[in-house]
Amino acid sequence: MLGQGAHVALALTLFLPLLCHKAAAIEVPQDLKQPPTIVKQSVKDYIVDPRDNIIIECEAKGNPVPTFSWRRNGKYFNIGKDPRVTMRKRSGTLEIGFRNGGRPEDYEGEYQCFANNDFGVALSNKILLRVSKAPLWPKEVLQPVVVTEGAPLVLPCNPPPGLPPPFTFWMNSAMTPIPQDKRVSMGLNGDLYFSNVLAQDAHTDYSCNARFLFTHTIQQKNPFTLKVQTNEPYNETSFNATDPYGGCRQSQNQEEIEHSNKEVISIIVLDLCSVALKEPIKLLVGSRKVAESTPTFLSPSGSESSKMVLRGEELLLECIAAGLPTPTVKWFKKGGDLPGEKVKLENYNKTLKIISVSEEDAGEYLCMANSQLGSIRHTIFVQVKAAPFWLDKPTDLVLSPDENGRLVCRANGNPKPNIQWMINGLPIDSAPPNPSRQVLGDTIIFRSVQMGSSAVYQCNASNQHGYLLANAFVNVLDMPPRMLGPKNQLIKVIENNRTFLDCPFFGSPLPELRWFKNGQGSGLDGGQYRVYINGTLEIKRARPEDEGTYTCVASSILGKAESQVRLEVKEPTRIVRAPEHHSAIRGSSARFDCKVKSDPSLAITVAWTKDDKPLSLGWRLRKDDESLTIPNVNEGDEGTYTCTAKSEIDQDSASARLTVLDRPDPPTDLDLSDPAARSVRLTWIPGKEHRSPITEFLVQFEEDHWEPGRWQDLATYPGDLNTVILQLAPFVNYQFRVIAINSVGRSKPSRPSPRYKTSGAAPDAIPRGLRGWGSKKDNMEITWEPLLDLERNGPNLHYNVWWRRNDVEEEWSSVTTAKSKHIVQNTETYVPYEIKIQARNEFGAGPESNVVIGYSGEDKPTDAPTDVQVSKVDSTKANIQWKPVDPDSIQGEFKEYRLYYWRESSLVPGLVVSKEKKTRGFYSTSAEPSGILTDLVPYSKYKMFMVVANSRFEGPPSNTMEFTTKEGVPDAPRFFRINRRTFDTIYLDWDKPLEPNGILIGYQLRYQTVNGSSTVQPQIQTFPPNKTDFTLQLPDRSTRYKFYLSALTQVGAGEVYAEESPHFNEVAHGREIWNLTVEPNSNYANVSWRHNFPAGSSEFVLEFTLDSDKTVKVVPVKQQPPITVADLIAGAKYHLRVYSHELNSVSSKSVTFKTKPAYIDQVDIATQGWFIGLMCAIALIILILLIVCFIKRSRGGKYPVRDKKDLPLDPVDHKDQDGSFDYHSDEDNKPLQGSQTSLDGNVKESDDSLVDYGEGGDGQFNEDGSFIGQYTVKKDKDETEGNESSEATSPVNAIYSLA
């Protein structure tokens, strides 16, 4: 958050003027008689623009309204005699116009305004009117200035004296400012000072310019031509690191200086900025010597000077030194430090400026110029004088008859000002004597004044530097107290704020004012209250207990007046959750919070600004009571957002900055340099970061041979680099582009670089994935991965492949191929080979690969495992043993001994089983291999046989073995249901397990209460195998049980099926489920029912029983019907009932349905919306095509119609070879295009029509069933014969005929 504004009490703002005038004298109401008072006047030194009219202001108030007169240069100014001068109505302001001629200079002089009424005369200041002047520069011929190199120089400016003085500056002929530094600068008088002249200062266009502020004109002096002599004999000279350039500069390796004799001498310039030496550097400057000089002062001259400045003005002291090396100027004050808050050093320390000078700034100032050759000092004695300034300015005085008073006029200055009193504009000495008035220097004392002695007194304080003039009237009135402000004000203030209650009043004599709260107690003054002379009551810190009605009472001997103010203290308006700085990615949303807490009785408005300007919400920005949301931010949204909560008396604000992050701009100006055989340097200029620093650059390349147009990543580099060396592949024609990446994402790619092609070379890479394997029993395929395109390194890539038997001694066989595979034929079955490979191109061969071992092809194993035996058979596993085959008989890589086994039957009578074959692999190379066969089904008969397998084939089977597994524990019951059929019983039923795993001998049921003690022992019930239900009597209707059911064999109890009885919180009385319906499909069904259970508070269970094997599928549902149930068996018969999950006894009647066969499970396409829409679209397209064909045929069939004219038919229709008709015409006898013959034989302008091809007309095609014939309306024969001349069918009729 940038800042949270403090609470601003508007009440304080309203009463701040009272605070400023809390001690001021009470003003006389304007409706009372009073002497005049000057309220507005022009400045004493008044400079006007000669191009404008002159306006001299003088405004005054008084009762009666004052009249005005003027004096000019001490004499009465008769306005009526000068037609150019007018005075504004009810004002003393003069307007002097020059539309009809006249010179403004004729009206220069000293003006003074007099405001007069029955009670006195008030005077304005003496206004010195002067007209602004911009005189031309005197014409002069300036001779060239010739100076020796190293010598000082002053180019005088001497601007023409203007009013006000002009602003001066130096420029050359190109209107470029002359560079100024420690060595060259302009003085306060406008002259251009050179501490020492260098050869490069020789120019012909040093011109001083004067800019006049009032006329907005610039005048230019004739330019100076400066010639620098460098005729000293050649020699070594010393050169200081800080001279002659006024500071160390970065230099070039070689620089040329052109001398006045046009001789060009190359010199070596050291990098002085990187050298720090105590001794001067010996430097050969064109083999000439430049004389050094000790510091001297160009301005001011001598060792001492003086300066006088007036109090409150600006003091400017200047010291400009000459010398080589260039001296440095420093300033000191004798007897103390320079006043740091007021001092400013300017013009490279050559000017000392002190703002708002006071008496303590007087004294001796010392400027010191020093270089390595010495130093020099100059002392400036500063005197501070002062024009008169007020210590006690006289103020208006209101007295009642017989009352005493005084006027005080105290001023100070240097020298001390003279005080002169006047009355009504005349010296008080010349006024008639008044016994009630006594003048004592700067004070006039009044005793027992009487009615009629009102007047305006003037005090003039003056010395040689200026004057002060003040008007103060003495008004003798007899007036009872009166309140001047509005009555019964309501003032609302913020708690803990300083508060002012205003009570303006008036009376003569001056009434006594007292404040009371709620009409009780003594007057309020002291403690946290303070009463000012103008009637204002200050409450230093407003608290809730300060609320109430305040009464101010003004009383005097003439009467009493009062006024009331109601004060309410409110809670401050505060932003309790302020906006925070936010950085948002371009296109995302930004949110600023602004939660406000305020006094509930005050209406609050919340406004947002952006960068201190009102924020236009528009359609995009969204504002609510506590936030501002900016969706889809862009760069234009970036800025500082301020939330301002404002009530009628205070406000609070808080700000936060939104920074919009974006992807960087793409890099520019890609450049390639430092080319090498396999590398090149790439340089670029990064684009804008958009306030998210670039973290890395991605360099991509494109080559124009293998994959032209496809850009591939080459390398990434840190974000602070912009030049890298790229490692490249040989024989590739590259071009590159760069992508900048920051936290937001990737920039757009840069423009591609120029292409760069590397030279060719032999391959560096070895083909990968080399292997040998047999696709047939008498071959070996040698395969490898071909080199990548960028690994070729040159044209005409081939591969050298070598192979030889690994198990016998033989020479290498080889082949050279451009493919990625070679087949070695006529090999022995599954023998090892050594293989190696090498890539080569036109530039040479690459490195050879390591030798790998491959094998020729495999064949079917010839032997079968023998003596397969089974041992240690239990209910779920058995041990298998066999004798291994001869390894040579495998004829390939040995993979495993593969056992095929299947469940032949179950020992449980009547149980049908699946005889699906399963396999189990055993990898063993021991002499007596064995394995364990697991996951067998207990109490079953199994068969098995074994084969040996290599990578491709299986061998012949072994003998088939049979074995049986022992009896085991059964699976869980197929289902276990809990139903409540009465209030006091629970009915349980179940079904036998799918896999009994032996002979069932019964079932075991364990149960215990759920809401009872954990120490209760579970109860156990056993049932015979033919018993599959049980009814439990409940000791209490609310009792719930947990049931555990398992089937039993001789081995023991099987898997447990656990169920918990549901809650029985509702009575089933009156609850029903009815009207169960099923709409079956192939593998799903839509089920619906009706019930009277409370909506939304009941659950149901759908119980599907498959008719074929009595398998039960239970589907619990929480939503209301209808319900779609999936995963049904196509073409199967089901029994379905629906019952309540909470009240199991409430069940629907069972319904039976059969799903559709799988091939019937198709949607009737003719009833689908998409099919109907498609057919309609096809019909519409056909209709449009027919219309187009119809119009085309009417305009000439399939043959092109002439652009300019129609082609009439010949008397005889001619057929082309393809059977279509052709149109022939005489070029000289073509009817106009678009014409047609009407029924009466006239030709009318229109588009082509079908009239000529109507039914019964001669122009109708009737030889081959023409287009028109197909689209004419079918009529009865009699009608056709009777109306052979009827009109041809229109296109619209033709369309209807299709129907």
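- When each of Arg663, Lys688, Glu689 is tested with Ile694 by the rule side-chain contact (heavy atoms from CB on, under 4.5 Å), just one qualifies, namely Glu689.
- Of the charged side-chain nitrogens involved, at least one lies within less than 4.0 Å of a carboxylate oxygen, so that Arg804 and Glu834 count as a salt-bridged pair.
- A distance-only check finds a donor-acceptor pair linking the side chain of Ser588 to the backbone of Ile585 [under 3.5 Å].
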How far apart are the C-alpha atoms of Arg657 and His582, what are their side-chain angles, what is the distance that settles it, and do they pass the side chain to side chain contact (heavy atoms under 4.5 Å, CB included) test?
CA-CA 6 Å; Arg657 182 163 185 83; His582 187 66; over 6 Å; no
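- Side-chain contact between Pro861 and Phe953 is present, with heavy atoms from C-beta onward closer than 4.5 Å.
- For Glu580 against Phe592, the heavy-atom pair with the smallest separation is O-CE2, 3.3 Å.
- Note: Leu714 CG to Leu728 CG = 6.5 Å, rounded to the nearest 0.5 Å.
- Pro763 and Leu797 get closest at one heavy-atom pair: CG-CD1, 4.3 Å.
- Shown here is Glu928, whose CD atom has no more than 12 heavy atoms of other residues, nucleotides or ligands within 6.0 Å.
- Atom CG in Leu698 sits 5.0 Å away from atom CD1 in Ile739 (nearest 0.5 Å).
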Under the criterion salt bridge (Lys or Arg N to Asp or Glu O under 4.0 Å), I'd like the reasoning laid out for Glu703 against Arg755: C-alpha separation, chi angles, the key distance, then a yes or no.
CA-CA 9 Å; Glu703 48 82 24; Arg755 286 205 174 267; over 6 Å; no
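- Asp778 has no carboxylate O lying under 4.0 Å from a charged side-chain N of Lys776, or vice versa, which leaves the two without a salt bridge.
- Under 4.0 Å is where a charged nitrogen must lie from a carboxylate oxygen, and between Arg586 and Glu638 no such pair does.
- Side-chain contact annotation: Ser655 with Thr640, donor-acceptor N/O pair under 3.5 Å absent.
- With rounding to the nearest 0.5 angstrom, the OH atom of Tyr734 is 5.5 Å from the CZ atom of Phe701.
- A salt bridge does not link Lys777 to Glu828: none of the charged nitrogens lies less than 4.0 Å from a carboxylate oxygen.
- Side-chain contact between Val680 and Ile725: absent, with no pair of heavy atoms (C-beta onward) separated by less than 4.5 Å.
- The residue from Tyr923, Phe922, Trp882 that alone fulfils the ring pair (Phe, Tyr, Trp, His ring centres under 6.0 Å) condition with Tyr897 is Trp882.
- You'll find the side chain of Thr934 reaches within 4.5 Å of the side chain of Arg920, heavy atoms only.
- Within 6.0 Å of CD on Gln825 lie more than 12 heavy atoms contributed by other residues, nucleotides or ligands.
- The closest donor-acceptor contact from the side chain of Asn172 to the backbone of Asp205 lies at 3.5 Å or more, if one exists at all.
- Judged by distance alone, the side chain of Gln838 and the main-chain N or O of Gly846 form a donor-acceptor pair under 3.5 Å.
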After noting the C-alpha distance and the side-chain angles of Arg591 and Ile630, does the key distance pass the side chain to side chain contact (heavy atoms under 4.5 Å, CB included) rule?
CA-CA 6 Å; Arg591 173 190 167 102; Ile630 308 172; over 6 Å; no
Check against side-chain hydrogen bond (donor to acceptor under 3.5 Å, both in side chains), Asp665 and His690
CA-CA 8 Å; Asp665 287 346; His690 294 293; 2.8 Å; yes
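- Both the sub-6.0 Å distance and the 45° axial angle are satisfied by Lys757 relative to the ring of Phe731.
- Under a 3.5 Å cut-off, the side chain of Arg898 and the backbone N or O of Ala949 do not form any donor-acceptor pair.
- Between atom CH2 of residue Trp706 and atom CG of residue Leu790 there is a gap of 9.5 Å, rounded to the nearest 0.5 Å.
- Contact check for Lys883 versus Pro865: no side-chain heavy atoms found under the 4.5 Å cut-off.
- In plain terms, the two heavy atoms of Lys819 and Tyr799 that are nearest each other are O-CD1, 3.3 Å.
- Between the Ser750 side chain and the Arg737 main chain, no donor and acceptor come within less than 3.5 Å of each other.
- In the model, Gln891 has no side-chain atom that pairs as donor or acceptor with a side-chain atom of Glu858 under 3.5 Å.
- Panel note: side chain Ser747, backbone Ala740; a donor-acceptor pair is recorded below 3.5 Å.
- At a threshold of 4.5 Å between non-hydrogen side-chain atoms, the residues Ile837 and Ile835 do not count as touching.
- Scanning all heavy atoms of the two residues, the minimum distance from Tyr901 to Met944 falls at CB-CB, 3.7 Å.
- Side chains of Thr816 and Asn800: a donor-acceptor N/O pair is present below 3.5 angstrom, by distance only.
- With 3.5 Å as the limit, one finds no donor-acceptor pair spanning the side chains of Asp201 and His203.
- Aromatic ring pairs are classed by plane angle as parallel below 30°, tilted from 30° to 60° and perpendicular above 60°; the pair Tyr855 and Tyr830 is parallel.
- Between Asp671 and Leu682, every side-chain heavy-atom pair lies at or beyond the 4.5 Å cut-off.
- Here the closest heavy-atom approach between residue Asn742 and residue Thr695 is recorded as CA-OG1, 4.0 Å.
- Of the N and O atoms on the side chains of Asn793 and Asn841, not one donor lies less than 3.5 Å from an acceptor on the other residue.
- By the 4.0 Å N-to-carboxylate-O rule, Asp704 lies too far from Arg710 to be salt-bridged with it.
- Residues Val885 and Ile890 are in side-chain contact: their nearest non-hydrogen atoms beyond the backbone lie under 4.5 Å apart.
- Rounding to the nearest 0.5 Å places CD of Glu842 at 12.0 Å from CZ of Arg792.
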Full working for side chain to side chain contact (heavy atoms under 4.5 Å, CB included) between Leu770 and Ile782
CA-CA 7 Å; Leu770 179 64; Ile782 303 175; 3.8 Å; yes
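- Classification of the Tyr900-Phe945 ring pair by plane angle, with boundaries at 30° and 60°, yields parallel.
- With respect to Lys836 and Glu848, a salt bridge is recorded, a charged nitrogen being found less than 4.0 Å from a carboxylate O.
- Inter-residue side-chain proximity for Asn806 and Ile853 is flagged as met; some heavy-atom pair is nearer than 4.5 Å.
- In this structure, CH2 in Trp684 is found 11.0 Å from OG in Ser753, a value given to the nearest 0.5 Å.
- Side-chain N/O atoms of Arg681 and Thr723 include a donor and acceptor closer than 3.5 Å.
- Remark: the His822 side chain and the Glu781 side chain contain no N/O donor-acceptor pair separated by less than 3.5 Å.
- Scanning all heavy atoms of the two residues, the minimum distance from Ser692 to Asp662 falls at CB-O, 4.5 Å.
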